[in-house]
Amino acid sequence: MKDKTINADVLAAYNAGIEKGRLRSGIGLIEFARTMELLREFLPPAPAVLYDIGGGYGEYAWALAALGYQVHLFDLSATNIQHSASLAAEHAGIELAEATVCDARAIPRPSASADAILLFGPLYHIVEKAERLSALAECSRLLKEDGLLFCAAISPFATLLWAATAYGRNNQLLTEPAFQEMIRREVSDGQHCKPENSTYRGMGRSFFHSPHRLRQELREGGFADNDLRGILGCGWLVPNLDQVWLDPIAKAAILSSIRLVEKEENLLGLSTHLLAISHKAKAAATDIG
């Protein structure tokens, strides 16, 4: 399977190791904590078989293996797969079922072999809709009847909101015409195209989903009961998050605030990351609002 819709700069960045440690600081702290809460709530009991597709270097894979799940880690980046072995030292006596380099649209495993699948990166790194649907169809093939898909997406407002909160402290991006044109397109059609004549140094070529687009693609890809959550909610707006997170009372309050609004339709776009919890469809697809 060709990686024709994976931007070369994006893959090169992952192969350079940028993913390692992302979930251990800043908004990654919230993303990991709240995602793990939802996984514990909705996953079938261990030792169910889980496929972590596009799972980076395996933070979620190792955490779930430690809970007794049989976790298979797949990622397109060879560096990410190599880095996954470094987490073994933090999980003494725990092993992954495997860690394999492959494309999300062609996982070399039998049909109906997984109880649940994590798809936490491919949908925003595959920029053509037809190819994203191929990745979802592959997940549907791999899942057992009524299996669960946990699918992550990035909001089309993410770059704009980040730039606004950082303006004057870390950047002046909002004053750049090229940056303004980039975020205008993101909000319009979800296409994130990094401009050449800008000081913006963020994510390379990607696709960002509105809640409506994400639900629609999940339905087209064979998934039903699509329950969307604003996984970061308003929590990512908290200043000095790394320091605040060390206070157990403050941490609990942030997570409580996120849970309070994470299903509010009018606030879903405020969360820079979205998480959909979906069942493999049997017949007509429905959504949970």
When hydrophobic residues are tied together by side-chain contacts of less than 4.5 Å, even through go-betweens, does [X] share a cluster with [Y]?
{"X": "L23", "Y": "I258", "answer": "yes"}
{"X": "L29", "Y": "Y57", "answer": "yes"}
{"X": "Y124", "Y": "F120", "answer": "no"}
{"X": "L267", "Y": "I154", "answer": "no"}
{"X": "M203", "Y": "W236", "answer": "no"}

[X] to [Y] - nearest heavy-atom pair and separation:
{"X": "L67", "Y": "A46", "result": "O-CB, 3.5 Å"}
{"X": "L38", "Y": "L275", "result": "CD1-CD2, 3.7 Å"}
{"X": "H91", "Y": "A63", "result": "NE2-N, 4.3 Å"}
{"X": "P44", "Y": "A116", "result": "CD-CB, 4.5 Å"}
{"X": "P110", "Y": "R141", "result": "C-NH1, 3.6 Å"}
{"X": "S278", "Y": "L218", "result": "OG-CD1, 3.7 Å"}

Heavy-atom side-chain proximity of [X] to [Y] below 4.5 angstrom:
{"X": "E31", "Y": "R22", "value": "yes"}
{"X": "R205", "Y": "K194", "value": "no"}
{"X": "K263", "Y": "D227", "value": "yes"}
{"X": "V238", "Y": "W245", "value": "no"}

Report the C-alpha separation of R34 and L232 in whole Å, then their side-chain angles, then the decisive distance to 0.1 Å, and conclude whether the side chain to side chain contact (heavy atoms under 4.5 Å, CB included) test is met. CA-CA 8 Å; R34 187 62 190 126; L232 302 180; over 6 Å; no

Should the heavy atoms of other residues, nucleotides or ligands under 6.0 Å from CD1 of I249 be counted, would the total exceed 12?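 Atom CD1 in I249 is not crowded, with 12 or fewer foreign heavy atoms closer than 6.0 Å.
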
Take atom CD of E95 as the centre, draw a 6.0 Å sphere, and report whether it contains more than 12 heavy atoms from other residues, nucleotides or ligands. no

Take the angle between the ring planes of F74 and H72 and call it parallel below 30°, perpendicular above 60°, tilted in between.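 The arrangement is parallel - the two ring planes meet at less than 30°.
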
Classify the side-chain pair S271/E262 by whether it contains a donor and acceptor separated by less than 3.5 Å. no

Apply side chain to side chain contact (heavy atoms under 4.5 Å, CB included) to residues L43 and F150 and explain how you reach the verdict. CA-CA 9 Å; L43 279 173; F150 297 82; 3.5 Å; yes

S84 side chain to I81 main-chain N or O, any donor-acceptor pair under 3.5 Å?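 Indeed, once roles are kept as given, a pair shorter than 3.5 Å links the two residues.
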
Closer than 3.5 angstrom, by distance alone: can the side chain of E138 be matched with the main-chain N or O of I107 as a donor-acceptor pair?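 Judged by distance alone, yes, a pair lies under 3.5 Å.
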
Pair [X] + [Y], salt bridge at N-O below 4.0 Å:
{"X": "R24", "Y": "E90", "result": "yes"}
{"X": "R105", "Y": "E131", "result": "yes"}
{"X": "R229", "Y": "E41", "result": "no"}
{"X": "R40", "Y": "E37", "result": "no"}

Using side chain to side chain contact (heavy atoms under 4.5 Å, CB included), reason through N80 and V101 one step at a time and then give a plain yes or no. CA-CA 9 Å; N80 280 341; V101 178; over 6 Å; no

Review item, side-chain donor-acceptor pairs of residues 48-56, under 3.5 Å, at least two apart:
{"from": "Y51", "atom 1": "OH", "to": "S113", "atom 2": "OG", "distance (Å)": "2.7"}

Enter the distance from [X]:[atom1] to [Y]:[atom2] here, rounded to the nearest 0.5 Å.
{"X": "H273", "Y": "I27", "atom1": "NE2", "atom2": "CD1", "result": "6.0 Å"}
{"X": "I126", "Y": "L119", "atom1": "CD1", "atom2": "CG", "result": "7.5 Å"}
{"X": "R215", "Y": "H209", "atom1": "CZ", "atom2": "NE2", "result": "12.5 Å"}
{"X": "C151", "Y": "N226", "atom1": "SG", "atom2": "CG", "result": "9.0 Å"}
{"X": "K251", "Y": "L255", "atom1": "NZ", "atom2": "CG", "result": "7.0 Å"}
{"X": "I231", "Y": "I30", "atom1": "CD1", "atom2": "CD1", "result": "10.5 Å"}

In short, salt bridge (Lys or Arg N to Asp or Glu O under 4.0 Å) pairs touching residues 107-119 with sequence neighbours left out are E98-R109, D115-K144

Does anything in residues 152-171 pair up under ring pair (Phe, Tyr, Trp, His ring centres under 6.0 Å), and if so which pairs, sequence neighbours excluded? none

With side chain to side chain contact (heavy atoms under 4.5 Å, CB included) as the test, pick out the partner of Y200 among L173, N171, I183.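 Between Y200 and the candidates, side chain to side chain contact (heavy atoms under 4.5 Å, CB included) is satisfied uniquely by L173.
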
Run the side chain to side chain contact (heavy atoms under 4.5 Å, CB included) test on W62 and L96 for me, step by step, so that the C-alpha distance in whole Å, both residues' side-chain angles and the decisive distance to 0.1 Å come before the verdict. CA-CA 7 Å; W62 281 101; L96 299 182; 3.7 Å; yes

